[in-house]
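To start, the structure itself, in structure tokens.
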Amino acid sequence: MTIRVIIVDDQAMVRAGFAALLAAQSDIDVVGDAPDGAQGVELSRGTHPDVVLMDVRMPEMDGLEAARRLLDPPPGVVHRPKVLMLTTFDVDDYVYEALRAGASGFLLKDAPPADLISAVRVVAAGEALLAPSVTRRLIADFARQRPAPRKDRTSLRLKGLTPRETEVLELIARGLSNQEIAETLVLAEQTVKTHIGRVLAKLDLRDRAQAVIFAYESGLVAPGGR
């Protein structure tokens, strides 16, 4: 199955370089590009890509607002692509907000070409592009900048989880990989994957990135706590 991709970035050379690299792959088809968020949203509505590579900072409309519009479309618009944010920073507030909006992850613009190709495939397959080390940096950023946890509907939604699912969510939020969770809870890795799938389904979360954010905003995990 061919992965349809569009590239949204205000730098023409970046768009051209990424397009040439991705189009050379037999399983990826670059179906368009745009120089700003507003045109990116319009292009996505018309081409229905599987993945949108979205720059964070652009004129007219930045990547954050564009991601929001793509991932929370108006009534009548059913297409929701996977959004992969492109950034020159490791973890910044824009990326955090993009993850909250439902973006599937982020990629540094200076990442090796193989990482870009892999990222598109990973996101297209429905996975979040957040390695455990990146998750830990996101947590550290959250701890520095976020307000106190919300003890409202988020904490109520936690009650729908089993004790084991709650344990798994907490370990995800602490940045553990599936293998590390399996070792900690003495479970098979496939069992861990099953628990994660149930957690995401019960909490109506798109991926691991949103699970981390939910765990902190619900008060399940406190920054710096064990």
Side-chain angles (χ1 to χ4, degrees), residues 1-59 61-71 79-138 141 175 177-178 206-210 212:
M1 179 178 174
T2 302
I3 303 169
R4 294 167 57 83
V5 177
I6 66 172
I7 302 163
V8 185
D9 193 293
D10 62 336
Q11 299 180 49
M13 290 185 65
V14 170
R15 298 198 305 275
F18 283 5
L21 177 65
L22 294 172
Q25 310 307 308
S26 61
D27 60 336
I28 299 176
D29 185 14
V30 179
V31 296
D33 65 81
D36 62 63
Q39 292 185 53
V41 171
E42 183 178 356
L43 178 63
S44 179
R45 298 274 197 261
T47 59
H48 291 185
D50 300 300
V51 177
V52 177
L53 291 178
M54 182 79 71
D55 188 19
V56 172
R57 292 178 173 84
M58 293 179 288
M61 180 189 294
D62 65 20
L64 175 58
E65 179 59 28
R68 286 192 184 115
R69 296 191 184 193
L70 290 177
L71 297 169
H79 178 253
R80 297 188 187 188
K82 305 294 184 182
V83 176
L84 179 61
M85 305 303 295
L86 300 171
T87 178
T88 54
F89 299 93
D90 216 356
V91 176
D92 64 17
D93 202 49
Y94 280 97
V95 172
Y96 174 88
E97 293 299 337
L99 293 174
R100 287 192 66 192
S104 295
F106 67 92
L107 184 72
L108 296 178
K109 281 189 176 183
D110 60 358
D115 286 2
L116 172 64
I117 297 167
S118 175
V120 169
R121 291 171 176 156
V122 166
V123 168
E127 299 294 327
L129 192 73
L130 280 180
S133 61
V134 174
T135 303
R136 292 181 183 114
R137 290 199 299 273
L138 180 65
D141 180 71
S177 66
N178 288 358
R206 290 172 62 102
D207 52 39
R208 199 182 194 97
Q210 286 201 322
V212 172

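Residue numbers run from 1 in the order of the sequence given. Values below: all heavy atoms of this structure, side chains included; hydrogens, waters and symmetry mates excluded.
- Contact between L84 and A119 at its shortest, heavy atoms only, is CD2-CB, 3.7 Å.
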Evaluation steps, side chain to side chain contact (heavy atoms under 4.5 Å, CB included), between F18 and L86: CA-CA 11 Å; F18 283 5; L86 300 171; 3.7 Å; yes
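- Rounding to the nearest 0.5 angstrom, the gap separating the CG atom in D29 from the CE atom in M1 is 11.5 Å.
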Stepwise side chain to side chain contact (heavy atoms under 4.5 Å, CB included) check, V52 with S44: CA-CA 8 Å; V52 177; S44 179; 4.2 Å; yes
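- Atom CD1 of I117 is separated from atom CD1 of I28 by 6.5 Å, given to the nearest 0.5 angstrom.
- Partners of R45 according to the side-chain contact (heavy atoms from CB on, under 4.5 Å) rule, which considers only residues two or more places apart in sequence or in another chain, are V41, R69, L70, P73, P74, V77.
- Considering only heavy atoms from C-beta on, D50 stays 4.5 Å or farther from P81 through its side chain.
- Legend: ring pair (Phe, Tyr, Trp, His ring centres under 6.0 Å) pairs involving residues 29-52, not counting sequence neighbours, sorted by first then second residue: H48-H79.
- Every residue meeting the salt bridge (Lys or Arg N to Asp or Glu O under 4.0 Å) condition with D27, not counting sequence neighbours, appears here in chain and number order: R121.
- Shown here for L107 and D115, the closest heavy-atom pair between the two residues is CD1-O, 4.3 Å.
- M85 and A103 get closest at one heavy-atom pair: CG-CB, 4.0 Å.
- Among V51, V31, T47, the one residue that satisfies the side-chain contact (heavy atoms from CB on, under 4.5 Å) test with V5 is V51.
- Every residue was checked against the salt bridge (Lys or Arg N to Asp or Glu O under 4.0 Å) condition with R4, not counting sequence neighbours, and none meets it.
- Here CG of D55 is found 9.5 Å from CG of D62. Values are rounded to the nearest 0.5 Å.
- The minimum heavy-atom distance between A67 and V83, with the atom names listed, is CB-CG1, 4.2 Å.
- Between D9 and K109, at least one side-chain N (NZ, or NE/NH1/NH2) sits under 4.0 Å from a carboxylate O, which counts as a salt bridge.
- Rounding to the nearest 0.5 Å gives a distance of 11.0 Å between CE of M61 and CZ of R68.
- Judged as a side-chain contact (heavy atoms from CB on, under 4.5 Å), and not counting sequence neighbours, A16 has no contacts.
- Between the CD1 atom of I6 and the CG atom of L43 there is a distance of 4.0 Å, given to the nearest 0.5 Å.
- The two atoms that bring P35 and M58 nearest to each other are O-SD, 4.1 Å, heavy atoms only.
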Full working for side chain to side chain contact (heavy atoms under 4.5 Å, CB included) between L64 and V56: CA-CA 6 Å; L64 175 58; V56 172; 5.9 Å; no
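- For the salt bridge (charged side-chain N to carboxylate O under 4.0 Å, His left out) condition, the pairs that include at least one residue of residues 32-44, sequence neighbours left out, are R15-D33.
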Intermediate values then yes/no, side chain to side chain contact (heavy atoms under 4.5 Å, CB included), V8 and L53: CA-CA 6 Å; V8 185; L53 291 178; over 6 Å; no
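- Between A19 and V30 the shortest heavy-atom distance is O-CG2, 3.8 Å.
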